[in-house]
Amino acid sequence: MATEMALVKPISKFSTSSPIFSNSRYGKFTTVRMSSTSQSTTKAAAKGGKKAAKTAIKETLLTPRFYTTDFDEMEALFNTEINKNLNQSEFEALLQEFKTDYNQTHFVRNKEFKEAADKIDGPLRQIFVEFLERSCTAEFSGFLLYKELGRRLKKTNPVVAEIFSLMSRDEARHAGFLNKGLSDFNLALDLGFLTKARKYTFFKPKFIFYATYLSEKIGYWRYITIYRHLKENPEYQCYPIFKYFENWCQDENRHGDFFSALLKAQPQFLNDWKAKLWSRFFCLSVYVTMYLNDCQRTAFYEGIGLDTKEFDMHVIIETNRTTARIFPAVLDVENPEFKRRLDKMVEINEQLLAVGETSDIPLVKNLKRIPLIAALASELLAMYLMPPIESGSVDFAEFEPQLVY
Ligand SMILES: [Fe+2]
Ligand SMILES: [Fe+2]
């Protein structure tokens with residue numbers, strides 16, 4: 001299990017202007033120190049002491065990741081002379097969509113934010129901060145990857161490159177907006193520090209396509225589901241950021257559609273038995289990661305009036321239905337066995353976490369973990385081997401930008 005340490009600083013330690021955010025509509029963006037999930041951090045920050053409150057937090061496999069890839073291979077994939085499947089007119093149309101920049105004036109804050117944050121206290125405050133941090137990290141991770149792809153593909157395929165750059169603009173906005181949210185809680189992430197200090201996970205281009213397609217679509221379904229729920233149940237609207245999710249999620253939807261177009265341009269990633277196995281693998285890892293993560297944070301979802309497991313299953317089912325339009329195979333997530341096994345994994349994961357909390361020496365802890373990890377692995381394997389749903393189509397419909405709801 002990969003672990004990393006991160007540092008926290010209260011907001012009084014803001015330094016200025018990270019150039020990577022110079023294209024954000026916030027103008028120059030504030031650089032802030034990294035992450036907090038521990039209570040001591042919030043307390044330290046609340047005191048607003050001049051000295052940086054440095055608190056170590058533990059990151060796990062379930063923490064949002066930063067990705068890097070083989071950029072040379074990416075260049076070859078998007079070279080129109082090598083790849084005759086590239087439908088440039090489709091990418092041109094997509095580029096126009098991104099240039100339209102529907103959300104240019106959407107992310108504007110008001111005084112409601114700080115007032116609402118001041119009213120959130122007790123355990124919910126802590127969990128809220130963690131939600132903002134994790135979301136900000138995930139958005140920022142997209143920003144870094146898309147920014148680099150935009151830079152690296154400029155010569156080979158300027159149209160695709162520009163789309164990546166415009167997507168990085170969107171992700172910078174999202175990350176920036178969440179980070180501003182953290183400032184309401186007197187905290188913030190040091191995104192510059194995060195860029196340098198964090199480990200990057202290497203994925204070959206085809207895995208980047210599967211993983212990012214899924215994360216954009218699951219992001220869309222998460223945001224829109226929370227938005228709709230709070231619209232219907234305004235008594236749980238405890239912080240105004242959720243009101244922005246309706247337009248925000250359309251950005252994620254567009255990003256997902258772009259990856260769908262990219263996958264169509266690389267039929268070798270969609271049309272053989274290996275593609276089917278990888279598609280199922282990525283679906284499984286994305287769904288399980290979200291479920292385990294969210295079940296560790298039920299206080300957050302309950303705090304906004306959601307049933308965590310119901311919310312997650314809704315998001316998984318909808319994401320899976322969307323994904324089935326492009327992936328050649330998906331999981332049968334609507335089979336009750338799937339949820340049963342997910343719930344079993346939650347139980348095992350809780351036992352694993354409990355082992356970490358004991359005062360045993362590391363060797364004993366590791367010995368206790370072995371059967372639990374084996375049990376998790378066996379659940380995962382069983383889910384992976386459940387009869388899949390054949391899906392996708394190589395005769396893809398023309399791309400049309402669309403609202404899914
Ligand atoms: Fe985003
Ligand atoms: Fe996105």
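First listed ligand is number 1; within each ligand, the first listed atom is number 1.
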Q: Does OH in Y236 sit with more than 12 non-hydrogen atoms of other residues, nucleotides or ligands closer than 6.0 Å?
A: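 Count not over threshold, so no.
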Q: Looking at H255, pick out the N, O or S atom nearest to the Fe ion (ligand 2) and give its name.
A: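 The nearest such atom is ND1.
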Q: Would you give the angle at the Fe ion (ligand 1) between E171 atom OE1 and H174 atom ND1, to the nearest 10°?
A: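 The two atoms form an angle at the metal of about 90°.
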Q: Check whether NZ of the Lys or CZ of the Arg R280 lies under 6.0 Å from the centre of the six-membered ring of Y384 and within 45 degrees of that ring's axis.
A: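 R280 over Y384 ring: yes.
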Q: What's the OE2-the Fe ion (ligand 1)-OE1 angle here (E252, E139), rounded to 10 degrees?
A: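 So the angle at the metal works out to 120°.
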Q: Could you check which N/O/S atom of E216 is closest to the Fe ion (ligand 2)?
A: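 Of all N, O or S atoms belonging to E216, OE1 is the one nearest the Fe ion (ligand 2).
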Q: Indicate the ring-plane relationship of Y146 and F259, choosing parallel, tilted or perpendicular according to the 30° and 60° boundaries.
A: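 Ring orientation, 0 to 90° scale: tilted.
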Q: Please check if the distance between the ring centroids of F311 and H229 is under 6.0 Å.
A: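 So the answer is no for these two rings.
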